[in-house]
Amino acid sequence: MWQRQIRLFMAFLRVGLFGFGGGPSMIPLVRREAVQRHAWLDDNDFADVLAIGNTLPGPIATKMAGYIGYRVGGPLGAINAVVAVTVPLILAMIALLGLYARHGDQRWVQGMGQGVIPVVMVMMAQLTLDFFAKSRAGLGWLATAILGIAAGGLIYGLGLHPGLVIGAILITALLRPMRRTSAEEASR
């Protein structure tokens with residue numbers, strides 16, 4: 001039990017330490033730890049956690065840490081993972097805000113923030129490609145393109161919050177009648 005809690009803590013500590021740039025940069029790190037390194041979730045579970053987490057208020061990293069921690073280690077695991085991901089952020093914020101208050105007008109401090117942006121961009125591009133491949137495999141090219149364009153139009157064109165779009169898709173999927181498989185049809 002304690003070994004699992006230590007692994008959980010270390011995984012989310014890495015996310016907290018290296019997740020500069022907030023939620024967008026942390027999502028690929030959470031995926032790397034939870035799916036690739038420890039196999040606590042598969043890609044489908046991760047996508048579901050991310051989708052549901054985006055519909056709820058608050059920082060995505062703590063929501064994902066709380067859920068994955070609970071799934072892996074129960075209530076203690078949830079607390080453990082949330083503490084592991086937030087404590088480095090709190091300490092880094094205190095240190096960086098102090099540094100910025102003293103040296104914010106200097107070019108090297110401004111360059112630090114700008115230097116992180118390309119790295120976050122690459123991480124998000126990789127995550128986007130992974131989710132595109134997953135969506136294409138599950139829905140096909142046409143449905144993926146239509147849903148992607150519709151979601152982009154609603155979010156960027158109409159200014160709807162992504163959580164509302166995801167919530168609407170989840171409700172639609174829940175209310176949609178299930179199609180019978182050929183095996184179910186044959187047994188009727």
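- Between Ile6 and Gln3 the shortest side-chain heavy-atom distance does not fall below 4.5 Å.
- Smallest separation of non-hydrogen atoms from Gly77 and Gln5: CA-OE1, 3.3 Å.
- Partners of Asp48 according to the salt bridge (charged side-chain N to carboxylate O under 4.0 Å, His left out) rule, which considers only residues two or more places apart in sequence or in another chain, do not exist here.
- Scanning for ring pair (Phe, Tyr, Trp, His ring centres under 6.0 Å) contacts around Trp141 gives Phe132, with sequence neighbours left out.
- Considering only residues two or more places apart in sequence or on other chains, Arg71 meets the salt bridge (charged side-chain N to carboxylate O under 4.0 Å, His left out) condition with Asp45.
- In terms of heavy atoms, Ala34 sits closest to Ile68 at CB-CD1, 3.9 Å.
- Separation of atoms CG (Asn80) and CZ (Arg7) is listed at 12.5 Å; rounding is to 0.5 Å.
- Distance check: Phe46 CZ to Asp130 CG gives 9.5 Å after rounding to the nearest 0.5 Å.
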Would you tabulate the side-chain donor-acceptor contacts of residues 57-64 under 3.5 Å, counting partners in other chains and residues two or more places apart, or write 'none'?
residue, atom, partner, partner atom, Å
Thr62, OG1, Pro59, O, 3.0
Lys63, NZ, Gly53, O, 2.5
Lys63, NZ, Leu56, O, 2.5
Lys63, NZ, Gly58, O, 3.0

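- Legend: residues meeting side-chain contact (heavy atoms from CB on, under 4.5 Å) with Gln36, ordered by chain and number and at least two apart, are Arg31, Arg32.
- Although no hydrogens or angles enter the test, the distance criterion places a donor-acceptor pair under 3.5 Å between the side chain of His161 and the main chain of Gly163.
- Closest approach of Ala143 to Leu139, counting heavy atoms only: CB-O, 3.5 Å.
- For Arg37, the side-chain contact (heavy atoms from CB on, under 4.5 Å) test picks out Arg14, Glu33, with sequence neighbours left out.
- Connectivity analysis of hydrophobic side chains (ILVMFWY, heavy atoms under 4.5 Å, direct or indirect) links Tyr70 to nothing; its cluster partners are none.
- You'll find the side chain of Thr144 stays beyond 4.5 Å of the side chain of Phe131, heavy atoms only.
- Judged as a side-chain hydrogen bond (donor to acceptor under 3.5 Å, both in side chains), and not counting sequence neighbours, Arg4 has no contacts.
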Side chains of residues 166-175: which donor-acceptor pairs under 3.5 Å do they make with residues two or more places apart or in other chains?
residue, atom, partner, partner atom, Å
Thr172, OG1, Ala168, O, 2.7

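- The line from CZ of Phe18 to CE of Met123 is 11.0 Å long, rounded to the nearest 0.5 Å.
- Evaluation of the side-chain contact (heavy atoms from CB on, under 4.5 Å) rule for Leu154 yields Leu158, Leu160, Val165 as partners, not counting sequence neighbours.
- With rounding to the nearest 0.5 Å, the separation of CG in Leu13 from CG in Leu8 is 11.0 Å.
- Listed by chain and number, the hydrophobic cluster partners of Ile94 are Ile90, where partners are ILVMFWY side chains within reach of under 4.5 Å, directly or through others.
- One distance of note links CG of Leu41 with CG of Leu50; it measures 11.0 Å at 0.5 Å rounding.
- Taking CG from Leu17 and CE from Met10, the interatomic distance works out to 8.5 Å, rounded to the nearest 0.5 Å.
- Between Asn54 and Pro162 the shortest side-chain heavy-atom distance does not fall below 4.5 Å.
- Clustering of Ile, Leu, Val, Met, Phe, Trp and Tyr side chains at separations under 4.5 Å places Met93 together with Leu97.
- Minimum interatomic distance between Ala81 and Ala65 (heavy atoms only, all atoms of both residues): CB-O, 3.2 Å.
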